[in-house]
Amino acid sequence: MPSSFRNFFLLTHFMEDSTTLKQEKENQELVEAGQPWEEMVTASSQDPESGLSEPPEVEQGPEAGPQTRSSPPGIPQSGASTPVDDLTGPGASTPPSPPQEPSTSLSPLALARQDFMAPWQSNKTTSVISEAGTPPSDHLEQPSDKGESTSHQTCQSEGNTFQLSQQTKCHLYGPRDVSYNNSKEKELRFAISQEKDSNSNYDLDQPESGASEMAPNMLEIAIQNAKAYLLKASSKSGLNLYDHLSEMLTKVLDTRPENPVDIIENISQDVKMAHFSKKLDTLQNENEMLPTYEIAEKQKALFLQGNLEGADQELEDEITEHALPNVMESAFYFEQAGVGLGTDETYRIFLALKQLTDTHPIQKCRFWGKILGLEMNYIVAEVEFREGEDEEEVEEEDVPEERDNGDSEADEADEDELPRSFYKAPQAIPKEESRTGANKYVYFVCNEPGRPWVKLPAVTPAQIVIARKIKKFFTGRLDTPIVSYPPFPGNESNYLRAQIARISAGTHVSPLGFYHFGEEEGEEEEEIEGGRDSFEENPDFEGIQVTDLVESLSNWVHHVQHILPQGRCNWFNPIQKSEEEEEEEEEEDEEKEDEKGEEPDYAEQEVGPPLLTPISEDLVEILALMLMAAD
Amino acid sequence: MDAESLLLSLELASGSGQGLSPDRRASLLTSLTLVKRDYRFDRVLFWGRILGLVADYYIAQGLSEDQLAPRKTLYRWRRRPEEMATQTSVVKGRFMGDPSHEYEHTEVQKVNEGEKVFEEEVVVQIKEETRLVSVIDQIDKAVAIVPRGALFKTPFGSINVNRTFEGLSLSEAKKLSSYFHFKEPVELKNKTLLEKADMDPSLDFMDSLEHDIPKGSWSIQMERGNALVVLRSLLWPGLTFYHTPRTKNYGYIYVGTGEKNIDLPFML
C-alpha cells in the first residue's frame, strides 16, 4: 500500500517516460525521508536560496538521494519549478526558480488547499513523471519553462493548483508517517520538499539537462491526457473520477475521522450516495414519513380530546372514575414485576381508553392487554356496559342453528328418494346471553392507540371448543379468515374473542377473600353449593401477607367462571335429560352433565364452586389433563 | 443489546410486553459494566431473560474484537421469591456445578444432541445449565440478527463494527433481506451467481433472513408510526429485534421461556 499510495500522491504531472517514473518514485522516497523538510520549508520560505541548498543534502540523506541524482535531470525540479513559474510568471530563470518555489509554494498552498482535490486524481506515476519533467524545463531555461508553464496553464487553473497540490501531496506523503492531522502544514512542507527535491535534482542533474529537453512537451501532453481521462464522465453514473476523488478527499479533510485509510471505501460510497439523495430528497422523505405523520396526527387527536373535555370534566368525573381504572398506576405495579409496555405506550393506551369511555356508554372499562400479531397487534379493552345500554345482540347466529336442524329433518322426510341419513347434527349449543358466563364482558380492540376501537362479537361455545383445538397466529386484521382443521367457525375477530375468553377464564385471579359472594359473609374457604356466577368485592377484605400469597397458590382464586368443555360457563343440556350431577373433579369424567337448568356452574375439574376456587386446584386439573392425554 | 444503551434499548423493545423492572434494570447496568471490566470484553450484550418456573436466568454475552468469534455467555440466576443467590459462570460448553432444576417440559430429553443417543432407554439427568447453554446457543444461531451494514468484514477476515453505519432507510428497514443472521454464514455459497454479483463482500457476508424456513417465521412491524421497526421471531417466541431507521440504534433481546415453537408451520 505505501507504494501505491506514494504513487497516488505523486499525481502531479504525467509523464510517459518510464525513467521519470522511476525518478518520481525515488523522489518519493526522498520525500518520505525528509522530515527535516519542515525546517527546510520554513527556511526556504524565508530564504529560498538557503532553503534550496538544504534539501539536496537532506534528500540525499536517504539512499534514494543518489539515485535521484543519477536519474534524468531534475525532472522533479521541473515539477516544482513549473508551478512557480506559472505563478510568478514567465521569465523565471533557473536560479530564481528555486527561490520562487518556496514563496510560490506558500501561496499555492493556500490555493492548493482549496483546489487540493482538483489535482488529486488518481494519476499515478504519471504525475510523478510530470513533476520530474518540469525540473528539466527549468534547467532548460525559461522558454521551455514557459512553454511548459503555458501548457500547464492551458491545462487550467487547475493545473497550477494541480501542480501545487501535487507538491503538497508529495509533501503530505512525506510526513505521512508522522501524522495526517496537519495536512496543511504538510502540504506546505511537501510542496517545498518537492521543490527542493526537484531543485536538488536540478542542481545535480544540470549536466544532464540536455537529455530531458523533449521531456516537457511529452510531459505536458501526458498530463493533459491523464487529466482528460480522469475527467471523463462515467457512462453509468455520470460522475467522473476527478470530481469524486476531490469530494472524497474534501470530506476526509473536513471530517478528519480516525484512521481514514481504513474506512476510505465507506467514505467513497457515502459520497456517491450523497449525490443521489440530494436529487430525490424531498420526494423520498415525503413518502416515507407519511405514515409516521399520520399516526402522530391520530395520536395528537388523542391528546387533544382530553383537553376538550375540560369543561365537563368535573361533571363526568364520577362516571369516569368508575369507568376507567388508573391505567398508569396498574402499569407501575406491573413494571415492578417486569411486565409492561413502556411508559409511552401505556399512556397512549390510557388516552385511547379514555376516548373509548367517552364515546360509548360504558360502566366499567379495563385494559385487558395486548395481543401480538404478525402484521399488527391488538390492544384489548374489557368493557362492561351500563345497565340497559347494552348493544343489541345480533340474533342472526341462531338462525343457522335452526336451519341445521331443519335440514336434518328434511333429510329424514325423504325416504323415497334418498337413503335416510341417520346423522343428526348435534344441536348447536346456544351461546350464552350477554352479561353472563363467557360473554360477561364485551371486548373492544384496536390496532394502535389512536385507531378506532372495534367491538368484538360475542363468543359462541362452538368457537371456544374449536379454539381449544387449534393454534394459529393472529395477523392483525380482524377479517382474516382462519384456515385450520378442525375448521374454525368464524374469522379472526371470532378467534380473537374466543382466545380472550379462554385466557380470561383461565388466568384471571385475585387474592382469596378479595371477592366474595353477595349474600353470605365473605368466608373464603367455604365451598358453597349451588355455585354462584356473580361476586362482589368484599368490603372486609384485609389483605393477605405477601409471603402467604407467594408461597401458597391456594390463596389465589379464580374470579372468572371456568369454561366447560362444552364451551359455556353455564351448563346447557342439549339432551334435555337430567343426569347425575357430579361435583368432584373427576378428571376422566369431563363430560359429566349437571342438573338441567339449575344453578349450573359446575366446572368439572374444580372443587366446589367454579368461581372463587383456589388456583392450587388448577395443578390438579392440569395433571389430570395430562394423564388423559397420555392415555 | 449493547450494555451501554441498555435503558434506551429496553424502552424500544418493550412493545412485546416483557421487560425488566426498575430495580433489575439498575442492577443490570452495574453488573454488566463490571462484567465487561472483569472479563475484558470488547462489548457486552444483554442477551435477555429466560423465564423459568421458579427462577429466571439473566443472560449476558461478551464479545471480543472479532464480532463473529465464539462468544462467552454468562448467566445470572435469580430465584424467586427471595433468595438472591447469584452465580456467574463462563459458559463455553463446560459448566461448574449447578442446582439442577429441571423444567417440567418434556423437551428436556430432546434438547441436547448428545441426548439423542441415550434417548432409548436411559433417562439421563440433564443439568439445567446444560440445557440453558444449548438453548441459548440455538437461539443465537437461529434468530440473532443484525442489520445489513452494521458489521463489515475486513480483507483480513476479521469482522468489525462499522462506525459509519447510519442505519437502514425506511424502505430497507421493511425488507427481510436487510437483516442478517449474526453467525457464520451457511447459505452464502448456495446463492446464484447473479445474486453474488450484487453482493458487497465486505457487507454481505452473512445469511439474510429472506430464506429462512419456514417462510414467514419473522414478523416485521413498524411501531410509533415509522419511527421504530420491530422484528419478532415466531420460531422462538420472545425474541425481539428493534431498530430505529436512520440511526445507529439496534439490538435484540430474548425474553421468553426458552422453548422453540414447533407448531410454527401450523400456526401461520
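- Contact annotation for A/L341: both backbone and side-chain heavy atoms come within less than 4.5 Å of a heavy atom of chain B.
- When every heavy atom of B/Q221 is checked against every heavy atom of A/E375, the shortest pair comes out as CG-O, 3.4 Å.
- Residue contact with chain B, scored on non-hydrogen atoms closer than 4.5 Å, is absent for A/E265.
- Both the backbone and the side chain of A/K471 come within less than 4.5 Å of a heavy atom of chain B.
- For a residue to count as touching a neighbouring chain, one of its non-hydrogen atoms must lie under 4.5 Å from one of that chain's; by this rule A/L374 touches chain B with backbone and side chain alike.
- A/Q336 places no side-chain N or O within 3.5 Å of a backbone atom of B/D23 that could act as its donor or acceptor partner.
- With a threshold of 4.5 angstrom between heavy atoms, B/L234 approaches chain A through its backbone and through its side chain.
- With chain B as the partner, the residue from A/V483, A/I267, A/N377 showing the most heavy-atom pairs under 4.5 Å is A/N377.
- Between chain B and the residues A/R348, A/E335, A/E345, the largest count of heavy-atom pairs under 4.5 Å involves A/E335.
- Contact detail for B/S219 and A/G373: the closest heavy-atom pair is OG-O, 3.7 Å.
- Between B/L264 and A/F473 the shortest side-chain heavy-atom distance falls below 4.5 Å.
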